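Bear in mind that the values here come from a model prediction, so they are computed numbers and not experimental data. Values below: all heavy atoms of this structure, side chains included; hydrogens, waters and symmetry mates excluded.
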Protein chains: 2
Amino acid sequence: MYKISDAARRAALTVKTVRYYADIGLVKPAGRSAAGYRLYAESDIAKLGFIGRARRYSFSIEQCRDLLSLYEDDQRPSAEVKRITLEKIAEIDRKLGELQELRDELSHLAGNCHGDSRPDCPIIGNLASGLTVQ
Amino acid sequence: MYKISDAARRAALTVKTVRYYADIGLVKPAGRSAAGYRLYAESDIAKLGFIGRARRYSFSIEQCRDLLSLYEDDQRPSAEVKRITLEKIAEIDRKLGELQELRDELSHLAGNCHGDSRPDCPIIGNLASGLTVQ
DNA sequence: TCTAACCTTCTTTTTACAGGAAGGTTAGGC
DNA sequence: GCCTAACCTTCCTGTAAAAAGAAGGTTAGA
């Protein structure tokens with residue numbers, strides 16, 4: 001059984017985060033010491049690591065909760081997991097498209113900005129008017 | 001002079017957002033009616049639109065505040081604006097890279113998941129072990 | 001005059017923690 | 001056996017950028 005800082009280190013999370021997950025009932029410690037310290041079992045560490053990776057994959061806490069219940073269920077239907085994952089991929093694709101568009105616009109604007117002290121900066125002009133710089 | 005809902009509509013923002021911007025002192029209405037209604041001048045609408053576009057360009061409120069002060073200053077040095085913009089582009093590039101990586105990993109995992117009721121789902125397996133599926 | 005559609009301020013909620021205060025516990029060194 | 005540093009606890013506040021809602025005042029049109 002591991003104390004919270006060991007559990008956090010082994011799961012590559014912060015102590016604050018692990019405590020938070022316990023508070024919201026996402027991963028509760030297997031037990032408590034006589035002094036009230038949270039004690040984590042090996043399987044808890046695995047769950048924390050699981051959550052950590054899913055979070056890094058930008059799954060929300062609620063999605064992590066769903067995934068965790070599937071993970072804990074030996075009879076888990078992989079169709080559900082796949083569905084959530086495909087949904088997440090679609091979401092990432094949307095975000096990629098938006099970001100790419102934004103990047104293009106900004107770099108176009110920056111390319112037309114002299115970068116000196118003249119007051120006619122197309123970045124400002126564009127933001128003010130909503131027009132695209134030619 | 002426009003009431004808040006007209007101002008919001010013309011700037012393509014919500015009433016809540018416009019009120020919020022007034023509260024934090026980002027764009028204060030030119031005046032108030034006898035009844036206390038916020039009244040926005042044409043120039044306020046321009047500023048709100050400016051902020052709206054900058055926000056959609058993922059500038060933070062604080063960056064918007066900086067940009068706005070540059071926008072309001074006729075003697076604005078465009079070098080500063082260009083610097084902020086280039087910084088923002090670099091940030092977007094980092095985010096694009098991360099998202100692309102994430103997308104590849106997830107789509108790889110989903111591609112190896114049968115999506116039926118068999119319990120051996122590689123997505124779950126990967127999240128549980130932290131290993132990459134071959 | 002009535003009513004729908006406005007408007008006001010104030011408070012709470014959201015997400016996923018981080019930071020800090022006040023105080024108890026433990027491990028190692030002397 | 002004591003000291004101190006490094007743990008641990010709970011509780012409270014703060015973050016970004018609004019959204020949502022409550023309670024109540026205003027206005028425009030029929």
Visitor: Ignoring backbone atoms, establish whether B/Arg55 has a side-chain N or O less than 4.0 Å from OP1 or OP2 of D/dA18.
Guide: yes

Visitor: For DNA chain C, which residues in residues 9-23 of chain B have a heavy atom at a distance below 4.0 Å?
Guide: B/Arg19

Visitor: For a quick test of reading the model, state the closest non-hydrogen atom pair linking A/Val15 to A/Ala8 and the distance between them.
Guide: N-CB, 3.8 Å

Visitor: Whole angstroms only, please: what is the CG-P distance between A/Asp6 and D/dA6?
Guide: 16 Å

Visitor: For a 4.5 angstrom cut-off between non-hydrogen side-chain atoms, does A/Arg32 reach A/Arg38?
Guide: yes

Visitor: What is the separation between atom CE on A/Met1 and atom P on D/dC8, rounded to the nearest whole Å?
Guide: 15 Å

Visitor: Mind checking B/Ile4 for me? I need base, sugar-phosphate or nothing, with any heavy atom below 4.0 Å counting as a touch.
Guide: sugar-phosphate

Visitor: Starting at atom OH of B/Tyr2, determine the distance to atom C1' of C/dC6, rounded to an integer number of angstrom.
Guide: 18 Å

Visitor: May I ask you to evaluate whether A/Arg32 reaches the phosphate of D/dT10, defined as a side-chain N or O under 4.0 Å from OP1 or OP2?
Guide: yes

Visitor: Minimum heavy-atom separation for A/Cys64 to A/Arg55, with atom names?
Guide: SG-CD, 3.9 Å

Visitor: I need the A/Gln100 CD to B/Asp93 CG distance, nearest 0.5 Å.
Guide: 8.0 Å

Visitor: Could you tell me whether B/Arg9 and B/Asp6 have a side-chain N and a carboxylate O separated by less than 4.0 Å?
Guide: yes

Visitor: Quick one: B/Leu39 CG to D/dT26 P, roughly how many Å, whole number?
Guide: 15 Å

Visitor: Just how far, in rounded Å, is P of C/dT15 from CZ of A/Arg65?
Guide: 11 Å

Visitor: With a 3.5 Å cut-off and sequence neighbours excluded, list the donor-acceptor pairs that the side chains of residues 16-29 of chain A form with protein atoms.
Guide:
| unit_1 | atom_1 | unit_2 | atom_2 | d |
| --- | --- | --- | --- | --- |
| A/Thr17 | OG1 | A/Thr14 | OG1 | 2.7 |

Visitor: Give me the atom names and distance for the closest heavy-atom approach of A/Ala7 to A/Tyr2.
Guide: N-CB, 4.1 Å

Visitor: With a non-hydrogen cut-off below 4.0 angstrom, is A/Ser60 in contact with a base, only sugar-phosphate, or nothing?
Guide: sugar-phosphate

Visitor: Please report, rounded to the nearest Å, how far the P atom of D/dA16 is from the CD1 atom of B/Ile24.
Guide: 10 Å

Visitor: Ignoring backbone atoms, establish whether B/Arg38 has a side-chain N or O less than 4.0 Å from OP1 or OP2 of C/dC6.
Guide: no

Visitor: Map B/Ala34 and B/Ile61 onto DNA chain D by nearest heavy atom, then report which one ends up closer to the 5' terminus.
Guide: B/Ile61

